[in-house]
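For ligands, and for the atoms within them, numbers begin at 1 and follow the listed sequence. Values reported hereafter were calculated over all heavy atoms of this structure, with side chains retained and with hydrogens, waters and symmetry mates removed.
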Amino acid sequence: MPGMVRLSLLLQLLLSLALSLVSFTTATGEDQFVYSGFSRSNLNLDGAATITPDGVLELTNHTVHIKGHAFYPTPWRFRKSPGEMVQSFSITFVFGMVPIYSDQCTDGMTFLISPTKDFSGAQTSQYLGLLNKTSDGKESNHIFAVEFDSSQNTEFNDIDDNHIGININSLTSNQSKSAAFYDDKIGMFKNLSLVSRKEMQVWVDYDGETTQINVTLAPIRVAKPSRPLLSATYNLSTVLEDPSYVGFSASTGPINSLYCVTGWSLGINRPAPLIDITKLPKLPHVGPKPRSKLLEIILPIATAIFIFIVGTTIILLVRRRMKYAEINEDWEAEFGPHRFSYKDLFHATDGFKNKNLLGQGGFGKVYKGLLPVSRLEVAVKRVSHESKQGMKEFVAEIVSIGHLRHRNLVHLLGYCRRKGELLLVYEYMSNGSLDKYLHCEEDKPTLNWAQRFQIIKGVAYGLFYLHERWEKVVIHRDIKASNVLLDSEMNGRLGDFGLASLYDHGTDPQTTHVVGTMGYLAPELARTVGSSGMTSSLSSGR
Ligand SMILES: Nc1ncnc2c1ncn2[C@@H]1O[C@H](COP(=O)(O)OP(=O)(O)O)[C@@H](O)[C@H]1O
Ligand SMILES: *[C@@H]1O[C@H](CO)[C@@H](O)[C@H](O)[C@H]1NC(C)=O
Ligand SMILES: *[C@@H]1O[C@H](CO)[C@@H](O)[C@H](O)[C@H]1NC(C)=O
Ligand SMILES: *[C@@H]1O[C@H](CO)[C@@H](O)[C@H](O)[C@H]1NC(C)=O
Ligand SMILES: *[C@@H]1O[C@H](CO)[C@@H](O)[C@H](O)[C@H]1NC(C)=O
Ligand SMILES: *[C@@H]1O[C@H](CO)[C@@H](O)[C@H](O)[C@H]1NC(C)=O
Ligand SMILES: *[C@@H]1O[C@H](CO)[C@@H](O)[C@H](O)[C@H]1NC(C)=O
Ligand SMILES: [Mg+2]
């Protein structure tokens with residue numbers, strides 16, 4: 001039947017095609033491999049070994065006394081044909097040891113070539129998941145391994161807890177050295193710490209002719225050093241079976257440790273293909289982070305600076321509060337509009353600087369000021385006032401007098417109260433006080449008669465207003481040249497009315513003494529005041 005013939009022809013064609021494909025892969029692919037990261041790899045894992053999502057081969061997990069293995073899935077022929085000697089081969093891989101809770105790892109890991117993938121009989125801890133007590137040292141193992149040991153076991157003649165060894169069928173190394181790499185730049189070996197949580201690269205090279213085994217170590221991203229760390233001569237033809245598996249083993253002892261591999265390549269009779277270092281996954285971050293020197297220095301300094309800044313800020317804030325602290329009591333609420341904040345007055349007078357000092361009198365110093373918002377020129381009088389008694393009445397009086405409006409009076413704009421002092425804010429009189437003119441101060445011109453007459457009329461108008469035109473009588477009691485102030489038009493204006501009562505409050509109101517400046521008072525006042533009971537500058541009714 002022609003149909004059957006056609007079908008068998010087609011099958012033949014397919015078969016030959018499949019065969020040619022297989023031979024093609026054998027010719028090009030089967031004497032080398034490379035893994036730059038293990039995600040989507042087909043390694044055979046057992047025990048605790050896992051591959052993380054980002055491609056790190058973790059031979060152990062967070063468990064003590066555990067072992068793990070990873071093998072390339074298919075075995076390799078190390079001889080050209082059965083009975084011949086083992087050919088040259090070279091492998092390289094990138095590994096890292098990650099202590100989990102401390103800066104220590106137990107026990108270690110190996111790269112191995114073995115006739116079997118079944119390591120179920122191998123022991124953990126110092127046996128590295130490679131052998132057990134009975135199999136250790138037996139030639140029947142046919143195992144070649146390179147150990148990376150982070151514990152010192154005297155039973156295997158370990159030199160220290162940070163060594164690399166060439167192991168033949170045994171956990172006792174044929175040759176071992178402390179971890180180090182040859183720095184080509186300085187021409188010397190430099191020590192390395194296996195458990196430093198840093199990746200390192202290893203090259204294992206075997207020369208079939210000379211039977212030399214070189215093991216070379218270097219930190220990652222350092223080119224292969226020109227000198228190997230270990231160099232032994234051992235005829236692997238007497239050790240290895242064909243075919244053999246290549247892979248890794250690792251085991252933990254009493255301390256949690258991760259043994260990781262991130263890249264791996266092999267070449268038989270050719271150099272191992274290059275691992276693409278840039279594609280390697282990062283080692284897992286677990287346990288106490290390695291504290292960098294930088295952090296160790298910066299952290300205390302940063303803490304000190306932080307504490308200093310917080311401290312100074314608090315001190316500054318407290319000082320600022322103290323600096324601008326005021327006393328404000330409930331009863332003052334009704335005088336709210338007349339209240340000035342100390343901060344405003346402080347800034348208005350440039351911090352009560354001497355250059356703003358207008359003069360000093362019996363009550364205290366007077367400063368010129370410029371109010372921040374209203375740009376209004378004011379005169380601020382600082383009166384020290386210790387007594388708390390009678391303060392309410394006094395402030396009430398000042399404020400009520402502050403309501404007086406007359407062009408021959410210096411208006412009181414408001415006040416401010418602090419501990420131990422009272423600040424009174426007046427209109428600023430640009431031409432100062434009359435005494436400056438009368439007592440011939442250099443920069444003041446002498447007043448002519450017309451001016452003097454106008455000033456004296458102003459004082460009279462002011463007094464008349466205080467005595468007659470308001471519903472209460474205000475007795476000035478301190479009329480003197482320095483309390484007669486001159487505005488920009490040289491009009492005389494009375495200042496300090498009502499202030500004399502400062503002396504009254506805080507003392508017993510019944511015992512009255514004469515207030516004001518002696519020599520400026522009506523002489524009979526001294527005689528009459530005691531009996532008349534005129535204790536306040538403000539007396540109601542007439
Ligand atoms: N409102 C004001 N405008 C301009 N200068 C003033 C004002 N009030 C007071 N002064 C100046 O401050 C000085 C001190 O005033 P004061 O403390 O009342 O003391 P006294 O009146 O006893 O001299 C006055 O001599 C005057 O030159
Ligand atoms: C570690 O691996 C062992 C063996 O596979 C398993 O029994 C154990 O649960 C694993 N532990 C963790 C923390 O993953
Ligand atoms: C030791 O290992 C060998 C080889 O893997 C195995 O045959 C043997 O059973 C193991 N012995 C013990 C006590 O586990
Ligand atoms: C290493 O192997 C060589 C060759 O078999 C042997 O002569 C030598 O004694 C071994 N060294 C150790 C320390 O086992
Ligand atoms: C390197 O390590 C070896 C073995 O631990 C030690 O003897 C040597 O002093 C170390 N060298 C330096 C420079 O630390
Ligand atoms: C081992 O290292 C030595 C010294 O660098 C070198 O001469 C030799 O060729 C190396 N052998 C192998 C197998 O790489
Ligand atoms: C290595 O061993 C094999 C098999 O025993 C032998 O044929 C070969 O000559 C040996 N090679 C060397 C360099 O001794
Ligand atoms: Mg005055």
Side-chain angles (χ1 to χ4, degrees), residues 31-32 78-79 85-93 97 103-105 108 110-113 126 128 130-131 135-196 198 200-219 222-240 246 265-274 293:
D31 54 356
Q32 68 171 45
F78 286 87
R79 291 168 167 87
M85 64 171 193
V86 167
Q87 302 182 83
S88 298
F89 65 86
S90 93
I91 69 116
T92 179
F93 61 90
M97 296 188 183
D103 282 336
Q104 226 190 324
C105 278
T110 72
F111 162 77
L112 64 97
I113 303 176
Q126 72 266 38
L128 305 182
L130 189 68
L131 297 166
S135 65
D136 181 36
K138 298 253 167 72
E139 274 181 26
S140 57
N141 292 327
H142 300 291
I143 289 175
F144 162 74
V146 180
E147 67 165 34
F148 301 83
D149 201 341
S150 53
S151 314
Q152 183 169 19
N153 302 106
T154 46
E155 54 186 305
F156 304 133
N157 299 333
D158 282 354
I159 51 167
D160 60 16
D161 60 357
N162 184 44
H163 64 270
I164 295 177
I166 294 172
N167 294 12
I168 313 285
N169 294 325
S170 167
L171 283 158
T172 309
S173 302
N174 185 272
Q175 195 186 101
S176 66
K177 289 242 176 80
S178 293
F181 76 105
Y182 186 78
D183 190 333
D184 287 310
K185 278 195 206 105
I186 58 170
M188 260 169 57
F189 274 96
K190 274 189 180 169
N191 285 353
L192 284 174
S193 166
L194 291 177
V195 299
S196 60
K198 290 188 181 120
M200 291 173 215
Q201 190 166 6
V202 179
W203 293 264
V204 180
D205 300 294
Y206 177 70
D207 186 328
E209 299 291 334
T210 62
T211 68
Q212 191 177 34
I213 306 164
N214 283 357
V215 178
T216 315
L217 182 68
V222 169
K224 185 181 179 183
S226 62
R227 280 210 216 167
L229 176 65
L230 296 173
S231 189
T233 304
Y234 204 107
N235 192 345
L236 290 185
S237 301
T238 63
V239 178
L240 297 183
V246 292
S265 76
L266 169 142
I268 291 181
N269 227 353
R270 60 159 71 208
L274 288 179
K293 283 256 156 50

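Here the heavy atom of the protein found nearest to atom 6 (C) of ligand 6 is N214 ND2, 4.1 Å. Counting protein heavy atoms only, atom 4 (C) of ligand 6 is closest to P228 CD, 4.0 Å. Shortest contact from atom 5 (O) of ligand 5 to any protein heavy atom: S178 OG, 3.8 Å.
The distance criterion of under 3.5 Å between nitrogen or oxygen atoms is not met by R227 with respect to ligand 6. Note: an N/O pair closer than 3.5 Å links Q212 and ligand 6 by distance alone. For ligand 6, the polar-atom distance check against S226 finds a nitrogen or oxygen pair separated by under 3.5 Å.
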Worksheet entry | Full working for side-chain contact (heavy atoms from CB on, under 4.5 Å) between L130 and I143 | CA-CA 9 Å; L130 189 68; I143 289 175; 4.2 Å; yes
Worksheet item: Could you go step by step and tell me if S237 and R79 meet the side-chain contact (heavy atoms from CB on, under 4.5 Å) rule?
Response: CA-CA 9 Å; S237 301; R79 291 168 167 87; 4.1 Å; yes
Fill in: CA sep, side-chain torsions, deciding dist, call: S173, N167, side-chain contact (heavy atoms from CB on, under 4.5 Å)
CA-CA 5 Å; S173 302; N167 294 12; 2.7 Å; yes
Discussion item. Checking Y206 against L236 for the side-chain contact (heavy atoms from CB on, under 4.5 Å) test, could you report, in this order, the C-alpha distance in whole Å, the side-chain angles of both residues, the deciding distance, and whether it holds?
Written reply: CA-CA 9 Å; Y206 177 70; L236 290 185; 3.6 Å; yes
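Closer than 4.0 Å to atom 14 (O) of ligand 5 lies at least one heavy atom of the protein. For atom 9 (O) of ligand 4, the nearest protein heavy atom lies 4.0 Å or farther away.
The distance from ligand 6 to the heavy atoms of D207 drops below 4.0 Å at these ligand atoms: 13 (C). Heavy-atom contacts of Y234 reach the following atoms of ligand 4: 2 (O), 4 (C), 5 (O) (cutoff under 4.0 Å).
Not a single heavy atom of S88 lies less than 4.0 angstrom from ligand 6.
Looking at Q212 and S231, their side chains do bring a donor and an acceptor atom within 3.5 Å of each other. Checking N269 against Q87 by side-chain atom types alone, a donor-acceptor pair falls below 3.5 Å. For the 3.5 Å distance criterion, the side chains of Q152 and H163 fail to qualify, holding no donor opposite an acceptor.
Comparing N174, V239, N235 against atom 11 (N) of ligand 4, the shortest heavy-atom distance belongs to N174. The residue from D160, N191, L192 that puts a heavy atom closest to atom 2 (O) of ligand 5 is N191.
A side-chain donor-acceptor contact under 3.5 Å links S90 to the backbone of A272.
Here OG of S226 is found 5.5 Å from OH of Y182. Values are rounded to the nearest 0.5 Å.
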